[in-house]
Protein chains: 2
Amino acid sequence: MDDVRWLSAEEQEIWRAYLSASVAFSAHIDRQMRQDSGMPMAYYEILVRLSEAPRRRLRMSELADVSLSSRSRLSHAVAALERNGWVERRPADGDRRGWVCALTEDGYAALAAAAPGHVTTVREHIFDVLTPEQLATLRDIGLAISAGLSQECAAARAEDEQADPYAG
Amino acid sequence: MDDVRWLSAEEQEIWRAYLSASVAFSAHIDRQMRQDSGMPMAYYEILVRLSEAPRRRLRMSELADVSLSSRSRLSHAVAALERNGWVERRPADGDRRGWVCALTEDGYAALAAAAPGHVTTVREHIFDVLTPEQLATLRDIGLAISAGLSQECAAARAEDEQADPYAG
DNA sequence: CCGCTGGTGTTGAGAGTTCAACCACCGTTA
DNA sequence: TAACGGTGGTTGAACTCTCAACACCAGCGG
């Protein structure tokens, strides 16, 4: 582990600038959401994704994927949202292992109430402080980083098969 | 609240790209740190900032500021790090309210052990997937967002004084 | 000297996340 | 049909974070 490619001073500056902004901003929108709507951002994200799905319902595993949540986290979160009456769990038809999570009317109302404050916060702290060029680059940066992360997952899978070629 | 400036389709695409990458990447580095070094990223950040301070020690409030932590969070975190023997708390001289947090030798060793894996992860998923132009823009974006956030704090303070002009 | 305001830091409870273990079911294979 | 690995999803414990309340001390004004 002696061949670490350490960060140069310039790279450290970039990394620190990104990290500070990312941490501070995510803390900011999370606090805004908790104060104004009584739920963390992760729950809002779940409601948003449900609201966009056909018939406002999704399989738990799909919901976990699109809401950037682990299975376990989603399980706990949906249990909490269900206690609020914002979602319902029903058995999935065709696969007795699976469950479908459905947004209720109350849940949709809660989402509609939370959205304005959230969008306003995002606009004020992202779109109002960045130039169009920066915004276009920000999108490309996001896509590149996400691609790198999913590529690593694929590489890890390939490595697993390499290490255990008879697994399949 | 009917005059919300909603996001256009293009703006939503930018926002989603940023959010996905940010959430996924921060989850990734946090998991890497927990698995390889047994501490969350927030604790690593605390150790880093201590290691960079003169004599490797800082007042709790200063440490909270530079490590992007709330006072309360830092208190809990330092208590946990102290149980590990990685930091020590000593009364600050000159102000009997204050405490100084000092990095121990064990703490420095833990930091040195954690750093290579962390830096490698950052390099692989940030610096290896972005172009120099994108990196330069990323720095500017981070600075602009941070500036917007601290400016809001200043504005909030000013508004408080406006609402209660005799407070001072 | 006393009270008062503000700053420093801690504490405890409640909420949310992670991790590992687990159950139940699917599809395939023998 | 029975065994078996893989998938879908949940659970409980341990951990971390947030929020509000608190204790303590500094500095300042009466």
Side-chain angles (χ1 to χ4, degrees), chain A residues 23-24 26-46 58-65 67-84 87 89-101 157 160-161 164 166-168, chain B residues 23-24 26-46 58-65 67-84 87 89-101 157 160-161 164 166-168:
Chain A
V23 170
S26 69
H28 184 76
I29 57 173
D30 199 62
R31 175 161 34 251
Q32 182 274 326
M33 185 58 68
R34 285 172 193 268
Q35 282 186 351
D36 295 358
S37 307
M39 62 180 149
M41 264 302 295
Y43 289 16
Y44 179 80
E45 182 73 11
I46 290 169
L58 278 174
R59 279 289 289 264
M60 292 294 287
S61 54
E62 298 179 59
L63 184 53
D65 290 344
S67 65
L68 308 168
S69 240
S70 69
R71 304 266 166 111
S72 171
R73 166 146 81 153
L74 183 68
S75 237
H76 289 294
V78 165
L81 292 171
E82 205 168 23
R83 284 194 291 274
N84 284 18
V87 304
R89 261 183 292 205
R90 305 168 184 182
D93 36 284
D95 188 340
R96 279 193 298 169
R97 294 169 301 178
W99 292 83
V100 169
C101 183
R157 268 196 302 276
D160 281 357
E161 292 175 13
D164 187 4
Y166 306 113
Chain B
V23 169
S26 69
H28 184 76
I29 57 173
D30 199 60
R31 175 162 33 252
Q32 183 273 327
M33 184 58 67
R34 285 171 192 268
Q35 283 185 351
D36 295 358
S37 307
M39 61 180 148
M41 263 303 293
Y43 290 15
Y44 179 79
E45 182 74 10
I46 290 169
L58 279 175
R59 279 289 290 263
M60 291 294 286
S61 53
E62 298 178 59
L63 184 53
D65 290 344
S67 65
L68 308 168
S69 241
S70 70
R71 304 264 167 114
S72 172
R73 168 147 80 155
L74 183 68
S75 237
H76 289 295
V78 165
L81 291 171
E82 205 169 22
R83 283 193 292 274
N84 284 17
V87 304
R89 262 183 293 205
R90 305 168 184 183
D93 37 284
D95 188 340
R96 280 195 296 170
R97 294 169 302 178
W99 290 84
V100 168
C101 182
R157 268 196 302 276
D160 282 355
E161 292 175 11
D164 186 7
Y166 306 115

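Here is the naming used below: chain letters follow the sequence lines, and residue numbers restart at 1 for every chain. Values below: every heavy atom of this structure, side chains too, minus hydrogens, waters and symmetry copies.
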Considering all heavy atoms of both residues, which atom of [X] and which atom of [Y] are nearest to each other, and what is their separation?
X	Y	result
B:V78	B:V87	O-CG2, 3.8 Å
B:R89	B:S75	NH1-O, 4.1 Å
A:I46	A:A77	CD1-CB, 3.7 Å
A:S70	A:A64	O-CB, 4.3 Å

From [atom1] of [X] over to [atom2] of [N], roughly how many Å is that when rounded to an integer?
X	N	atom1	atom2	answer
A:R90	D:dG9	CZ	C1'	18 Å
A:D36	D:dT18	CG	P	17 Å
B:R96	D:dC24	CZ	C1'	10 Å
B:D93	C:dT8	CG	C1'	15 Å

Under 3.5 Å, which donor-acceptor pairs link side chains of residues 93-101 of chain B to any protein atom two or more places apart or in another chain?
from: B:D95; atom 1: OD1; to: B:R97; atom 2: N; distance (Å): 3.0
from: B:D95; atom 1: OD1; to: B:R97; atom 2: NE; distance (Å): 3.0
from: B:D95; atom 1: OD2; to: B:R97; atom 2: NE; distance (Å): 3.4
from: B:D95; atom 1: OD2; to: B:R97; atom 2: NH2; distance (Å): 2.8

For A:V23, does its backbone N or O pair with a side-chain atom of A:S26 as donor and acceptor, under 3.5 Å?
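Yes, because the side chain of A:S26 sits within donor-acceptor range (under 3.5 Å) of the backbone of A:V23.
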
With nearest nucleotide decided by heavy atoms, which residue, B:D30 or B:D95, maps closer to the 5′ end of DNA chain C?
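Comparing both residues, the 5'-ward one is B:D95.
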
Nucleotide-resolved protein contact map, nucleotides 9-16 of chain C, B/S/- at heavy-atom distance under 4.0 Å
SBBB---S

